[in-house]
Amino acid sequence: METYKNPAAPIADRVEDLLGRMTLEEKVGQTNQLVGVEHFRQNLASLTADDLFRNTAQAIYPGHKPEELEKWTRQGIVGSFLHVITLEEANRLQHLAMESRLAVPLLFGIDAIHGNANCPDNTVYPGNLGLACSFNTGLARRIARQTAAEMRAMNMHWTFNPNVEVAHDARWGRCGETYGEDRCLVERMGVETVHGLQGNLDSTADVAACAKHFVGGSRPDNGTNGSPCDVSERTLRTTFFPPFKATVDAGVATVMPSHNELNGIPCHSSRWLMTDVLRHEWGFNGFVVSDWMDIEHVHDLHGTAETVEDAYRQSIMAGMDMHMHGPDWVDAVCSLVKEGVISEQRIDESVRRILELKFCLGLFEHPYADPETSMQVRLCDEHRRTALEAARQSIVLLKNDGLLPLDPNRYRKILVTGINARDENIMGDWSASQRPENVVTILEGISSFVGDGCEVLYVSQGWDPRNMSSERVTHAAEVAREADLNIVVAGEYMMRWRWNDRTCGEDTDRSDVNLVGLQNELIRRVAESGKPTILVLVNGRPLGVEWAASNLPAIVEAWEPGMYGGQAVAEILFGKVNPSAKLSITIPRSVGQIHCHYDHKPSQYFHPYACSSSEPLYPFGYGLSYTTYSYSGLAAEGEICADGTGSIDVSVDVANTGSVDGEEIVQLYIRDVYSTFTRPVKELKDFKRVALKAGESKRVHFTLTPEMLAMPDADYHWVIEPGDFVVMAGSSSRDNDLLKIKINVKK
Ligand code: BGC
């Protein structure tokens with residue numbers, strides 16, 4: 001038997017043996033990713049030339065036929081597919097790969113961002129931004145593990161997740177797929193997601209993760225996806241790099257650069273990012289995959305390569321390993337090698353990395369998934385329960401003047417209205433349409449809670465915030481007068497299958513952060529009824545709902561709560577679940593407040609805004625509960641020295657002073673009082689979810705380590721400067737919510 005076919009041989013030997021048998025074309029083929037054949041077929045009729053240039057979700061290959069993709073697969077010159085969304089197609093394409101000369105299996109990549117939700121009949125968990133509001137890293141790991149199982153049950157091996165960008169701009173439609181604005185939270189959620197997805201990367205229960213997008217796209221110049229990012233190396237190293245470094249340390253198998261140019265260089269041709277930092281500094285040994293047509297964009301958008309071929313050359317020489325996606329790559333790269341522009345050794349490096357992953361994932365031994373058992377895994381009870389639990393833990397109660405929780409027997413008529421009241425949009429971006437029986441809408445959730453004598457009056461506003469009708473708004477306002485409680489379910493529209501009608505999500509950025517369309521009018525007119533009015537938001541980015549915050553008694557931020565979002569929202573409204581989530585991202589009042597992240601520099605608000613508040617609407621780490629917590633007795637014991645030794649035990653008493661059991665998210669921040677380079681006014685360093693029964697109190701301990709106090713020196717080496725630090729613990733990032741104590745770091 002050939003060594004590469006021998007499961008007992010060491011992986012390194014199998015890789016070398018296989019590599020030694022491959023032609024140049026087959027090698028380059030391994031670095032070649034294409035969209036699925038069915039995807040191609042379905043889009044044939046509809047895509048325009050402009051779509052092909054701009055749309056980053058759909059593709060066809062003009063001048064080619066879908067059958068050619070099958071032919072290339074049989075020829076062994078396709079290494080990977082993306083956007084294959086059924087098990088049948090995955091197995092079918094894999095059969096074709098098995099017919100190729102060396103029978104190297106295909107690696108199927110998919111955007112399983114919150115569950116394998118882009119495919120039908122999979123569990124849809126809450127989106128990442130909401131999930132991060134749970135501050136529950138164990139839950140993130142569990143969801144990732146379950147996602148891996150559902151993916152493998154569909155013969156999918158690689159997800160383009162986690163997105164570990166630090167989100168700094170609420171206009172950016174992709175905030176929802178990140179874990180928010182804080183480096184520490186993003187890092188922890190991202191690392192646990194990698195562990196959950198990958199396991200030990202050595203079995204058929206594991207999938208490869210992809211840390212993306214490296215880097216800077218989450219601080220886009222004008223808020224639009226892929227617009228330039230100009231930030232200092234210091235900011236990169238203190239804010240945007242650390243989550244990527246942490247996922248590399250956690251063994252992430254792949255990394256994807258971002259669409260944007262960073263400080264004048266497209267990330268897809270940046271040797272500094274892909275080789276110097278990623279490989280040399282951080283020791284990354286997986287492979288780098290390009291983002292959608294972004295190598296081409298080095299030529300046709302950024303204009304730093306005169307030809308596409310030169311863009312390919314630049315990108316490969318900068319460290320790119322796999323091309324997402326297109327029909328011309330194999331021929332072009334083979335020619336570059338034959339002309340001596342790129343060495344075959346350079347190609348070998350990439351192929352080695354890709355083959356190694358295929359061996360690690362067991363694809364040579366298990367190229368298919370079993371359709372008979374697939375549905376035993378997907379949507380199984382355990383996964384559904386986790387989706388519900390995650391929704392409960394990620395919904396943030398933003399405001400409550402005592403109206404919530406609702407007594408189900410108190411109301412006779414409840415008006416439910418708004419674009420998100422009865423829509424599967426609760427599943428959020430990166431989710432396909434799912435069977436209605438697997439989705440609990442908010443209207444369904446509420447209806448299942450009300451008492452027998454209560455009538456739910458539903459007034460549809462359609463699903464489309466851009467095209468609301470004033471007649472329907474008027475109708476809702478009239479019904480509100482009859483009702484004794486109003487619930488308006490507003491927000492954004494994220495479903496991918498209506499790509500051009502969305503208001504939020506990938507490539508759907510806004511120049512504003514208010515509610516789109518007639519939604520504000522709807523809220524105002526319903527509230528004018530004088531009946532208590534609750535606003536429930538479903539959205540994948542922060543929304544500056546200032547009017548509602550000043551005028552309504554209750555606001556619930558549900559984010560993209562997933563398939564059981566409606567149930568979880570209702571459970572919170574009616575008090576079956578005590579809300580515990582805290583904001584993973586600051587909510588600005590208006591678009592003018594963009595970059596209002598809590599960890600800003602000391603001078604940021606030295607001169608406050610004239611004519612409006614400089615305080616955000618709701619700060620990072622903030623979220624209400626049906627109970628109250630009090631903090632006392634903050635203490636710090638131990639010592640940290642500037643040489644990096646020692647540790648400090650920080651502890652604080654947290655008491656549940658209300659009458660309901662709850663879970664509090666206790667947050668630990670620091671501030672370096674004097675430093676050589678400016679540092680943020682606060683930096684989150686740790687957090688804990690603590691369950692507290694009514695009346696119970698617990699002493700919560702954190703270990704402050706030297707690394708938590710460190711900052712980059714002039715040469716970007718992480719150092720701990722001696723001197724005073726303020727240590728803060730409490731219930732949000734807001735000063736009033738924090739106890740403070742000083743510690744001193746000795747020389
Ligand atoms: C997105 C990536 C995604 C890829 C494949 C791109 O447009 O930026 O995040 O993984 O498409 O769907």
Side-chain angles (χ1 to χ4, degrees), residues 32-36 38-40 42-43 47 51-60 80-85 107-119 127-129 147 151 156-165 167 172-179 190 193 197 207-218 220 224-227 229 243-244 247 252-262 266-268 287-298 301 320-326 428-432 494 496-497 499-500 502 504-509 540:
N32 179 32
Q33 184 182 60
L34 300 175
V35 293
E38 294 313 318
H39 175 96
F40 186 170
Q42 276 160 23
N43 285 311
L47 289 189
D51 285 338
L52 286 181
F53 186 61
R54 280 177 213 282
N55 186 315
T56 45
Q58 280 138 336
I60 53 169
S80 172
F81 276 98
L82 85 160
H83 289 352
V84 169
I85 61 160
L107 181 72
F108 290 103
I110 185 100
D111 291 280
I113 309 296
H114 47 113
N116 194 16
N118 267 329
C119 302
N128 292 341
L129 189 65
T147 302
M151 286 176 64
M156 298 179 183
H157 320 120
W158 175 27
T159 167
F160 308 120
N161 195 43
N163 181 327
V164 286
E165 296 179 89
W172 186 49
R174 302 191 81 166
C175 287
E177 63 187 89
T178 74
Y179 299 105
T193 298
L197 291 168
V207 299
C210 179
K212 73 184 189 185
H213 308 86
F214 193 48
V215 64
S218 56
T224 64
N225 195 30
S227 68
C229 173
F244 286 93
T247 53
V252 73
T254 68
V255 170
M256 185 190 291
S258 48
H259 298 308
N260 54 284
E261 61 160 272
L262 176 70
C267 293
H268 277 72
F287 71 83
V288 179
V289 59
S290 71
D291 201 350
W292 189 273
M293 307 299 289
D294 273 321
I295 310 184
E296 285 73 6
H297 288 336
V298 172
L301 180 63
M320 185 60 67
D321 296 306
M322 185 185 277
H323 177 240
M324 177 197 286
H325 61 92
D429 193 11
W430 298 106
S431 176
M494 283 83 62
R496 307 207 126 218
W497 48 282
W499 187 260
N500 292 327
R502 309 197 303 166
C504 181
E506 189 191 7
D507 291 350
T508 314
D509 317 294

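In this text, all values refer to a predicted model and were calculated from it rather than measured experimentally. Counting starts at 1 for both ligands and their atoms, following the listed order.
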* Do ligand 1 and W430 have nitrogen or oxygen atoms that lie under 3.5 Å from each other? -> no
* Residue L82 vicinity, atoms of ligand 1 by number, heavy atom under 4.0 Å -> 5 (C)
* Report the part of T56 (side chain from C-beta onward, or backbone N, CA, C, O) that has a heavy atom under 4.0 Å from ligand 1; answer both or neither where that applies. => both
* Asked: Hey, does Q58 have a side-chain heavy atom less than 4.5 Å from the side chain of F40?
  -> no
* To do: Establish, from distance only, whether the side-chain atoms of D507 and N225 form a donor-acceptor pair under 3.5 Å.
  => yes
* Shortest non-hydrogen separation from T159 to D111 and the atoms involved -> OG1-C, 4.2 Å
* ligand 1 atoms in contact with D111 (distance to a heavy atom under 4.0 Å) -> 3 (C), 5 (C), 10 (O), 12 (O)
* **Where ligand 1 meets K212 - atom numbers and elements under 4.0 angstrom, heavy-atom basis** => 2 (C), 3 (C), 9 (O), 10 (O)
* Is the distance between the ring centroids of H325 and W292 under 6.0 Å? -> yes
* Asked: With a distance cut-off below 6.0 Å to the six-membered ring centre and an angular limit of 45° from the axis, does R496 pair with W499 as a cation-pi contact?
  -> no
* **Which of the ligand 1 atoms, numbered from 1, are nearer than 4.0 Å to a heavy atom of D291** => 1 (C), 2 (C), 3 (C), 4 (C), 6 (C), 7 (O), 8 (O), 11 (O)
* To do: May I ask you to check if K212 and W430 form a cation-pi contact, with NZ or CZ under 6.0 angstrom from the six-membered ring centre and within 45° of the axis?
  => yes
* Asked: Looking only at heavy atoms, is any part of Q58 under 4.0 Å from ligand 1, and if so is it the side chain, the backbone, or both, or is it neither?
  -> neither
* Atoms in ligand 1 flagged as close to H83, the criterion being non-hydrogen separation under 4.0 Å -> 12 (O)
* Is it true that E177 lies under 4.0 Å from ligand 1, counting heavy atoms only? -> no
* Asked: Is there a nitrogen or oxygen of W292 sitting under 3.5 Å from a nitrogen or oxygen of ligand 1?
  -> no
* To do: Identify, for atom 7 (O) of ligand 1, the protein heavy atom at the shortest distance, and state residue, atom and that distance.
  => E506 OE2, 2.5 Å
* Give the ring-plane orientation class for H157 versus F108, where under 30° counts as parallel, over 60° as perpendicular and anything between as tilted. => tilted
* Structure fact -> Note: ligand 1 atoms sitting under 4.0 Å from heavy atoms of F160 are 10 (O)
* To do: Look at the rings of H297 and F53 and say which category their plane angle falls in: under 30° parallel, 30 to 60° tilted, over 60° perpendicular.
  => perpendicular
